[in-house]
Amino acid sequence: MALKKINLKYCVLLPIVLAVTFFLFLVPSSFFGIDGLTVLQQRTIALLVFAALMWIFEIIPSWTTSLLIIVAALLILSNKGLGFLMVDSAGNPLVGTMSYQKIMSAFADPVVMLFMGGFTLAIMACKYGLDVTLARILLKPFGTNPKMVLLGFLSVIAIFSMFMSNTATAAMMLAFLAPVLKTIPDGDKGKTALALAIPIAANLGGIGTTIGTPPNGTAVSNLETYFDSGITFGQWAIHMIPFVAVMIVVAWLILLWLFPFSSKKVEIEIPESNVPGSWRKTLVWITFAVTILLWITESLTHISSNIVALIPLAVFACTGTLTTEDIKKIDWSILWLVAGGFAIGYAMLDISKGGTGLGATLVNAIPFGSMSIVLVFAIAGGVCYVLSNFISNSATAALLIPILCAVSSGLSTNADFALMGGNKAMVCYVAVCASLAMLMPISTPPNAIAYSTGLIKNRDMMRVGFLVGGIGLVLSFFWLTKLFPFA
């Protein structure tokens, strides 16, 4: 089976992707029917389609596709690219080539640094037992009532997912949940509710902070790049943590409705952290608290959250708390994946901002201004939601958010669009939609982890995922456009 899958990818899908990409790259620009389309913009379209198809079919790992995008952009779009490709038919240099430094800076985008700091904090928290200690403290108030225990797991998983990888959080909480599940009779539907709490809360929790999940970081980075209009860590948290809290309650009620408990009591026993106390453990606690405090108070301290993210790296490295082995645990694949998305975003920018100007050209060619703003939001969110159920939500956000930034720019003069939150509302809405996709085991790693317990059937996951995701799509739209729009 595995061999057939490999053969299908490399012998069928890859040739199709390459054929489509080279066709779009080589065909006369008049083929697209877009007025003012330049050679470099046409190449950017080909690169965008290549990224989309490679991410959708997962012919190679997503981070590898991102690396190829950056290398290809350097060769065919930059001022230091392949010489014979960077001149027109008369031998004159192409107008609007990108700076190669601009493209390569995607690897060190400030949001990449933000995630690196977040990953480091999570690694140190696990290494020195902060995760276990916090789980014991946070779950204790929920007692032994099964309904409250379910709410407790949903809440604690969501909180952890705001600051840790949702995959790591799901794996950790499954280890804590396993003994609890053994004490519940096999016929009790509540076991399924507890198992489903893992992916639901992990996916929802990531929405709460800019480091909670890569789509959030992608949204913030593109807003800064495209509109010079950033969202601080604290601003995002103030707006979105209440949304997460509401969605956790919604998910709790749905799980209790679909999978009611028959047991009257559930015991939670999380062993104490076996990491002995030391000055390094104390240092991790203090650094963790100070970093989060600085993130939240960015508007007061005026220290960018991206800079703050490097503080724990420096502290842990200088004190020997962060070792070479710890560095290897950083999820470099995610960092490279979002870097590829940033490179696409750079290419979409106007020429005056170092891009090819493709974004503006596409917006001028498509009559978004004549569409209902609600319809534009619905299409953007719907496409993101559907794609994220089948491919990485990070890849989906990396692909769609730069395009949506261009669309938002084209709608900037629309009064209705401004009343509905404008650029920030649309871009952040798409990021949230990416995190709400949890229909199937393949949709997210936490879904796969929960499915591995054997307690969840596909139809159960789809039912809960559809209800929670559907309510989330509607609620997040009103949340970001009417109830709590970003200023």
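Every value quoted in this text rests on a predicted model; they were computed, and no experiment measured them. What you see below is based on every heavy atom in this structure, not just the backbone, and it leaves out hydrogens, waters and symmetry mates.
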**Item:** Heavy-atom neighbours of Lys353 NZ exceed 12 at 6.0 Å
**Value:**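 It does: Lys353 NZ has more than 12 such atoms within range.
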**Request:** May I ask you to check whether over 12 heavy atoms, not counting those of Met104, lie within 6.0 Å of atom CE?
**Result:**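 No, not enclosed.
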Mind checking the [atom1]-[atom2] spacing from [X] to [Y]? Nearest 0.5 Å is all I need.
| X | Y | atom1 | atom2 | value |
| --- | --- | --- | --- | --- |
| Leu13 | Leu18 | CG | CG | 11.0 Å |
| Ile76 | Thr44 | CD1 | OG1 | 7.0 Å |
| Phe32 | Ile45 | CZ | CD1 | 5.0 Å |
| Thr301 | Ile296 | OG1 | CD1 | 11.5 Å |
| Thr225 | Lys102 | OG1 | NZ | 6.0 Å |
| Ile401 | Ser221 | CD1 | OG | 9.5 Å |

Answer yes or no: is there a side-chain heavy-atom contact under 4.5 Å between [X] and [Y]?
| X | Y | answer |
| --- | --- | --- |
| Phe417 | Ser408 | yes |
| Val338 | Val111 | no |
| Leu48 | Leu399 | yes |
| Pro199 | Ile449 | no |
| Met240 | Phe484 | no |
| Thr64 | Met54 | no |
| Asn423 | Ser229 | no |
| Gln42 | Val27 | yes |

Test item: [X] side-chain N/O and [Y] main-chain N/O as donor-acceptor pair under 3.5 Å:
| X | Y | value |
| --- | --- | --- |
| Thr297 | Leu300 | no |
| Asn393 | Thr444 | no |
| Thr356 | Ala347 | yes |
| Ser409 | Cys405 | no |
| Asn389 | Leu439 | yes |
| Asn447 | Met440 | yes |
| Tyr429 | Ala378 | no |
| Ser78 | Gly81 | yes |

**Request:** Sort and list the pairs that fulfil ring pair (Phe, Tyr, Trp, His ring centres under 6.0 Å) and have at least one residue in residues 290-311, not counting sequence neighbours.
**Result:**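 Output for this query lists Phe233-Trp295.
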**Residue pairs fulfilling ring pair (Phe, Tyr, Trp, His ring centres under 6.0 Å) with at least one residue in residues 97-125, sequence neighbours excluded** =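 Passing the test, one end in residues 97-125: Phe107-Trp336.
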**Fill in**
By side chain to side chain donor-acceptor pair (under 3.5 Å), Ser99 pairs with (sequence neighbours left out) Gln101
**Request:** Only one of Thr65, Leu387, Ile60, Thr396 passes side-chain contact (heavy atoms from CB on, under 4.5 Å) with Trp55; say which it is.
**Result:** Thr65
**Request:** Check Leu77, Leu24, Leu358, Ile344 against Leu47 for a side-chain contact (heavy atoms from CB on, under 4.5 Å) and give me the one that passes.
**Result:** Leu77
Any idea which heavy atoms bring [X] and [Y] closest together, and the distance?
| X | Y | value |
| --- | --- | --- |
| Cys384 | Leu400 | CA-CD1, 3.5 Å |
| Ala450 | Ala195 | CB-O, 3.6 Å |
| Val244 | Ala158 | CG1-CB, 4.3 Å |
| Ser388 | Ala437 | CB-CB, 3.5 Å |
| Ile69 | Ala51 | CD1-CB, 3.3 Å |
| Ile200 | Val468 | CG2-CG1, 4.4 Å |

**Selection residues 234-250 - residue pairs positive for side chain to side chain donor-acceptor pair (under 3.5 Å), sequence neighbours left out** =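 Sorted result for residues 234-250: Thr232-Gln235.
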**Request:** With sequence neighbours excluded, give me every side chain to side chain donor-acceptor pair (under 3.5 Å) pair touching residues 337-350.
**Result:** Asp109-Tyr346
**Message:** Using side-chain contact (heavy atoms from CB on, under 4.5 Å), reason through Met173 and Leu177 one step at a time and then give a plain yes or no.
**Reply:** CA-CA 6 Å; Met173 295 307 293; Leu177 186 60; 5.9 Å; no
**Prompt:** Taking the six-membered ring for Trp, are Phe377 and Phe477 parallel (under 30°), tilted (30 to 60°) or perpendicular (over 60°)?
**Reply:**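 Ring orientation, 0 to 90° scale: perpendicular.
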**Request:** Take Tyr226 and Val427, measure what side-chain contact (heavy atoms from CB on, under 4.5 Å) needs, and give me the verdict at the end.
**Result:** CA-CA 11 Å; Tyr226 220 97; Val427 173; over 6 Å; no
**Request:** Apply the test side-chain contact (heavy atoms from CB on, under 4.5 Å) to residues Ile211 and Asn216: give CA-CA distance (whole Å), side-chain angles for both, the deciding distance (0.1 Å), then the verdict.
**Result:** CA-CA 7 Å; Ile211 65 168; Asn216 298 355; over 6 Å; no
**Asked** How far apart are the C-alpha atoms of Leu256 and Phe261, what are their side-chain angles, what is the distance that settles it, and do they pass the side-chain contact (heavy atoms from CB on, under 4.5 Å) test?
**Response** CA-CA 7 Å; Leu256 289 177; Phe261 283 90; 4.1 Å; yes
**Item:** Partner residues of Asp331 under the salt bridge (charged side-chain N to carboxylate O under 4.0 Å, His left out) criterion, sequence neighbours left out
**Value:**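 Asp331 satisfies salt bridge (charged side-chain N to carboxylate O under 4.0 Å, His left out) with no other residue.
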